[in-house]
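The block underneath contains the structure these notes are about, expressed in structure tokens.
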Amino acid sequence: MRGTRTAATTATTATTARTRSLLAAPLIALALLTVTSCEDSGGSGSGGYGAGPASPSAEQPAAGQPKQPEAEAPADADAPAGDAAPEPAATPATVTVATAESELGTILVDGKGRTLYGFTKDKPGQANCDADCIAVWPALTSVNDVKAGPGAQAGLLKEAKFGAGAEQAVYGDWPLYYYVGDVVPGDVNGQGLDGEWFVIAADGKLIKKEAETVV
């Protein structure tokens, strides 16, 4: 009888222990889950005492990868329009007096071969062509010294004041002019007009022969 009670007691004890074990397992798992959640929450914080290491920022490169350089804005993107560098001023063209062959002989021309004339009413080195006259006979002017080209004598070339900031080229005694009726280089359509306008030779003298008339 005593042996039967002992066996029953042993069986009851084993059953109770097994039941406690089965009940404890979920509690242990729940405790572990709670601890893990707390650690994860602390590690993802922004800082503070006891906080875990911050997770890498989305803008930071992964380990072992080079950092991408930031795009630079154009140097003048923010510069105001008024600070733009000014364009350099154009250099005035050099005015040249040279000679060329024509039906009247060797005559004075400009650097592009256009015929130059003298006006008999001018005084040596002094022009007497008024505004109406200049409209038909434009003066050869320059803001710089006039240069002697091929065939011209530099010693005969000088300038006379012509308006503000400009000078008229003078060769020998004669201030130099164009004629608006000359269209292309080599034209001498102004020769002998009004008995006052003539082409000029390389020695500075007027050539008063008449130009040939083409019929």
Side-chain angles (χ1 to χ4, degrees), residues 74-76 79-215:
D76 59 349
D83 292 343
E87 295 184 1
T91 302
T94 300
V95 175
T96 304
V97 173
T99 62
E101 295 302 317
S102 74
E103 61 189 72
L104 299 173
T106 302
I107 62 173
L108 294 185
V109 296
D110 71 358
K112 296 182 179 180
R114 293 176 297 179
T115 302
L116 298 170
Y117 297 87
F119 183 33
T120 58
K121 289 187 176 180
D122 285 347
K123 296 179 180 179
Q126 181 180 348
N128 285 315
C129 189
D130 60 19
D132 291 336
C133 171
I134 287 293
V136 179
W137 301 89
L140 174 61
T141 61
S142 175
V143 295
N144 297 322
D145 290 344
V146 180
K147 304 297 182 182
Q153 299 181 35
L156 295 178
L157 192 59
K158 45 189 177 290
E159 298 88 22
K161 186 173 178 58
F162 185 88
E167 293 181 321
Q168 182 175 7
V170 177
Y171 194 87
D173 292 336
W174 306 106
L176 301 179
Y177 302 87
Y178 298 107
Y179 175 51
V180 295
D182 288 343
V183 180
V184 297
D187 281 354
V188 289
N189 298 323
Q191 176 68 1
L193 285 183
D194 300 326
E196 299 172 338
W197 297 91
F198 299 96
V199 297
I200 305 170
D203 61 2
K205 296 180 180 180
L206 298 180
I207 299 174
K208 294 188 175 182
K209 65 184 290 188
E210 293 184 1
E212 295 179 2
T213 302
V214 178
V215 179

Treating [X] as the side-chain partner and [Y] as the backbone partner, does any N or O pair qualify as donor plus acceptor under 3.5 Å?
X: K205; Y: G172; value: no
X: D182; Y: N189; value: yes
X: D130; Y: D132; value: yes

- [ ] Return yes if a side-chain donor-acceptor contact under 3.5 Å exists between Y171 and D203, otherwise no.
- [x]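 Per modelled atom types, Y171 and D203 side chains form no pair under 3.5 Å.
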- [ ] Consider only side-chain N and O atoms of T106 and E101, and report whether a donor and an acceptor are under 3.5 Å apart.
- [x]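 Looking only at side-chain atoms, E101 and T106 do form a donor-acceptor pair, the distance falling under 3.5 Å.
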Shortest non-hydrogen contact from [X] toward [Y]:
X: G151; Y: A202; value: O-CB, 3.9 Å
X: A201; Y: L108; value: O-CG, 4.0 Å
X: E103; Y: V188; value: CD-CG2, 3.9 Å
X: F198; Y: K208; value: CD2-CA, 3.6 Å
X: A152; Y: A98; value: CB-CA, 4.0 Å
X: T115; Y: G186; value: OG1-C, 4.3 Å

[atom1]/[X] to [atom2]/[Y] distance, rounded to the nearest 0.5 angstrom?
X: I107; Y: T99; atom1: CD1; atom2: OG1; result: 9.5 Å
X: L140; Y: D110; atom1: CG; atom2: CG; result: 6.5 Å
X: F162; Y: E167; atom1: CZ; atom2: CD; result: 11.5 Å
X: I207; Y: S102; atom1: CD1; atom2: OG; result: 6.5 Å
X: E159; Y: T141; atom1: CD; atom2: OG1; result: 11.0 Å
X: I200; Y: L104; atom1: CD1; atom2: CG; result: 12.5 Å

- [ ] Quick one: list whatever passes side-chain hydrogen bond (donor to acceptor under 3.5 Å, both in side chains) with K147, sequence neighbours left out.
- [x]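 In terms of side-chain hydrogen bond (donor to acceptor under 3.5 Å, both in side chains), with neighbours along the sequence ignored, K147 is linked to no residue.
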Would you mind reporting whether [Y] and [X] have side-chain heavy atoms less than 4.5 Å apart?
X: Y177; Y: Q168; answer: yes
X: L176; Y: V170; answer: no
X: E210; Y: Q191; answer: no
X: V199; Y: L206; answer: no

Task: Residue that, paired with V146, satisfies side chain to side chain contact (heavy atoms under 4.5 Å, CB included) out of L157, T96, T94 - done: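 With V146 as partner, side chain to side chain contact (heavy atoms under 4.5 Å, CB included) holds for just one option, L157.
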Task: Close aromatic pair by centroid cut-off 6.0 Å: Y117 and W137 - done: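 Judged by ring-centre distance (under 6.0 Å), Y117 and W137 do meet the cut-off.
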- [ ] Measure from the ring center of W197 to the ring center of Y179 and say whether it is less than 6.0 Å.
- [x]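 Centroid distance W197-Y179: not below 6.0 Å, so no.
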Open item on the list: Evaluate K123 against N128 for side-chain contact (heavy atoms from CB on, under 4.5 Å), listing each step before the verdict.
Closed with: CA-CA 7 Å; K123 296 179 180 179; N128 285 315; 3.9 Å; yes
